[in-house]
Amino acid sequence: MSNIDEMEDDFMPVFLIDGFLESGKTQFLQFTMEQDYFKAEGKTLLIVCEEGETEYSDELLKRTKTAAVYIDSLEELSQERLLELELLYNPERVLIEWNGMWNLDDLKLPDDWNVYQQITLIDMSTFDLYAANMKSLLYAMVRNSEMIICNRCDGIEDLSGYRRTLKSMCPRGEIVFEDSEGEVNEIAEEDLPYDISADLVEISPEDYGIWYLDCMERRDRYEGKTVEFTAMVLKTPDFPKNYFVPGRMAMTCCEDDMTFLGFITKSREAKDLETKQWVRVKARIAYEYWKDYEGEGPVLYAESVEPAKPVKGFVQF
């Protein structure tokens with residue numbers, strides 16, 4: 001978690017920990033509360049929306065100056081109730097252990113409460129079940145997460161497939177895989193469906209989504225590489241001269257949740273392109289600051305942009 005001492009004084013910082021039942025939320029919060037980086041002046045308010053098998057001990061709560069409040073229903077978690085708790089306990093920070101069966105989109109915080117950090121925990125032994133039957137709840141949980149911790153990955157071979165699924169829902173979030181020993185499992189380059197070592201990395205329409213997500217996350221693999229792919233043009237009046245975004249439409253949750261996946265691209269041909277035009281782009285990948293990335297991200301420098309035939313269907317992950 002981020003350093004507590006760096007937080008602003010003009011809002012109530014909220015640390016939101018979510019995940020389905022028995023995903024390890026309580027253990028994660030217990031560990032966090034013990035760490036030096038989380039020890040700060042003042043009290044902590046812990047709002048527990050779901051009671052699992054693991055409980056918070058009175059000794060831990062007392063030692064960490066934490067007041068635990070248990071909420072039984074989403075209706076209790078109103079803005080008015082949260083403000084009452086703030087007045088009652090006068091905390092410096094708020095932790096929320098979210099109930100995975102409640103839609104996170106229904107959480108309404110007081111105006112001066114801000115989610116300072118959101119972390120989602122996932123038990124990978126039950127991920128397929130939840131993804132198949134509760135995809136909308138899963139999407140609401142992970143969509144704005146800064147980190148997704150996938151535990152209990154023992155015996156799972158195709159972690160790259162799960163990474164792509166989660167990245168499609170949360171492109172900017174960091175995804176960590178852990179086994180029962182707590183060791184991080186890395187995704188190897190051999191799992192990629194294209195030759196990342198080639199002088200020209202050719203991205204097929206079927207592999208566009210995999211490339212997009214991996215490129216967002218693995219600067220070490222792609223910086224300085226030249227790629228070629230087919231995409232649709234997006235331009236807006238806000239773009240500087242000679243810039244456009246080639247990309248593809250992706251369905252992240254259902255047909256109502258569509259998003260355009262593309263990277264800002266500098267090109268001599270940009271001024272002559274029109275939105276929704278299909279092009280074949282050959283470009284070198286750099287990583288630079290761009291406001292839409294809220295930091296550094298892939299910026300493409302086009303060597304050529306030529307008309308192309310449209311690609312049917314949405315991006316696959």
Side-chain angles (χ1 to χ4, degrees), residues 1 17-25 27-28 31-32 100 117-198 201 203-223 225 227 229 248 250-254 257 259 261 263 285 287 297-298 314-317:
M1 285 191 173
I17 310 301
D18 58 29
F20 290 113
L21 184 65
E22 304 307 326
S23 60
K25 299 189 295 291
Q27 294 95 322
F28 178 81
F31 173 81
T32 299
Q117 192 168 41
Q118 179 178 341
I119 296 176
T120 300
L121 284 92
I122 295 177
D123 176 356
M124 293 304 292
S125 67
T126 58
F127 178 82
D128 291 336
L129 178 65
Y130 285 117
N133 297 289
M134 300 179 184
K135 195 169 186 179
S136 61
L137 289 178
L138 175 64
Y139 179 55
M141 280 196 294
V142 305
R143 183 176 57 210
N144 296 314
S145 294
E146 294 180 57
M147 178 180 288
I148 301 172
I149 300 175
C150 303
N151 53 47
R152 300 166 192 160
C153 294
D154 305 75
I156 300 177
E157 297 181 0
D158 186 20
L159 288 175
S160 59
Y162 289 111
R163 179 184 292 273
R164 291 194 294 270
T165 297
L166 291 168
K167 270 293 183 180
S168 71
M169 298 179 180
C170 181
R172 293 190 176 92
E174 180 182 357
I175 299 175
V176 177
F177 292 101
E178 298 180 348
D179 60 18
S180 58
E181 302 295 326
E183 298 174 358
V184 176
N185 297 272
E186 292 292 337
I187 306 300
E189 290 186 5
E190 293 79 49
D191 292 326
L192 298 173
Y194 43 80
D195 185 2
I196 191 65
S197 64
V201 183
I203 310 299
S204 70
E206 296 79 15
D207 299 333
Y208 180 89
I210 297 172
W211 166 68
Y212 174 86
L213 298 176
D214 203 49
C215 191
M216 283 286 291
E217 188 173 69
R218 295 300 300 269
R219 177 174 183 165
D220 59 308
R221 286 181 179 170
Y222 295 94
E223 190 165 26
K225 291 287 185 180
V227 296
F229 59 94
R248 299 272 306 279
M251 186 165 59
T252 55
C253 178
C254 57
D257 291 298
T259 187
L261 303 180
F263 298 132
I285 302 175
Y287 286 78
F314 301 125
V315 169
Q316 301 296 317
F317 297 101

How far apart are the closest heavy atoms of D195 and V201, and which atoms are they?
-> O-CG2, 3.7 Å
E217: partners by salt bridge (charged side-chain N to carboxylate O under 4.0 Å, His left out), with sequence neighbours left out | R163, K167
For D214 and Y222, does a side-chain donor sit closer than 3.5 Å to a side-chain acceptor?
-> yes
Can you find a pair of side-chain heavy atoms, one from F127 and one from I122, that are under 4.5 Å apart?
-> yes
Non-hydrogen atoms of S197 and K225 that approach each other most closely = CA-NZ, 3.8 Å
Separation between CD of E223 and SG of C215, rounded to the nearest 0.5 Å | 10.0 Å
When the ring planes of F263 and Y212 are compared, do they come out parallel, tilted or perpendicular, using 30° and 60° as the limits?
-> parallel
How far does SG of C150 sit from CG of L159, to the nearest 0.5 angstrom?
-> 8.5 Å
Given side chains that start at C-beta, do those of P298 and M216 come closer than 4.5 Å, heavy atoms only?
-> yes
Ignoring hydrogens and angles, state whether a donor on the side chain of T120 or D18 is under 3.5 Å from an acceptor on the partner side chain.
-> yes
Just how far is it from atom CD1 of I175 to atom SG of C170, taken to the nearest 0.5 Å?
-> 7.0 Å
Please tell me if the side chains of K135 and M169 come closer than 4.5 Å, counting only heavy atoms from C-beta onward.
-> yes
Hey, does I196 have a side-chain heavy atom less than 4.5 Å from the side chain of W211?
-> no
To the nearest 0.5 Å, tell me how far L166 CG sits from Y139 OH.
-> 12.5 Å
Taking D207 for its side chain and I203 for its backbone only, find out whether a donor-acceptor pair lies under 3.5 Å.
-> no
How close do A250 and V315 get, heavy atom to heavy atom, and via which atoms?
-> CB-CB, 3.8 Å
What's the spacing between R143 CZ and T259 OG1 if we round to 0.5 Å?
-> 11.0 Å
Going from CE on M124 to OG on S23, what distance comes out if it is rounded to the nearest 0.5 angstrom?
-> 12.0 Å
For L129 and N133, work out which heavy atoms get closest and say how close.
-> O-ND2, 2.9 Å
Using atom types as modelled and distance alone, determine if a side-chain donor or acceptor of K25 lies under 3.5 Å from a backbone N or O of I17.
-> no
If you look at every heavy atom in I119 and F28, which pair is closest and at what distance?
-> CD1-CZ, 3.7 Å
Yes or no on side-chain contact (heavy atoms from CB on, under 4.5 Å) for F20 and D123, after CA distance, side-chain angles and deciding distance?
-> CA-CA 8 Å; F20 290 113; D123 176 356; over 6 Å; no
Residue set satisfying ring-ring contact (aromatic ring centres under 6.0 Å, His included) with Y287, at least two apart, ordered chain then number -> none
Can you name the closest pair of heavy atoms from S145 and Q118 and give their distance?
-> OG-NE2, 3.3 Å
Please tell me if the side chains of L192 and R221 come closer than 4.5 Å, counting only heavy atoms from C-beta onward.
-> yes
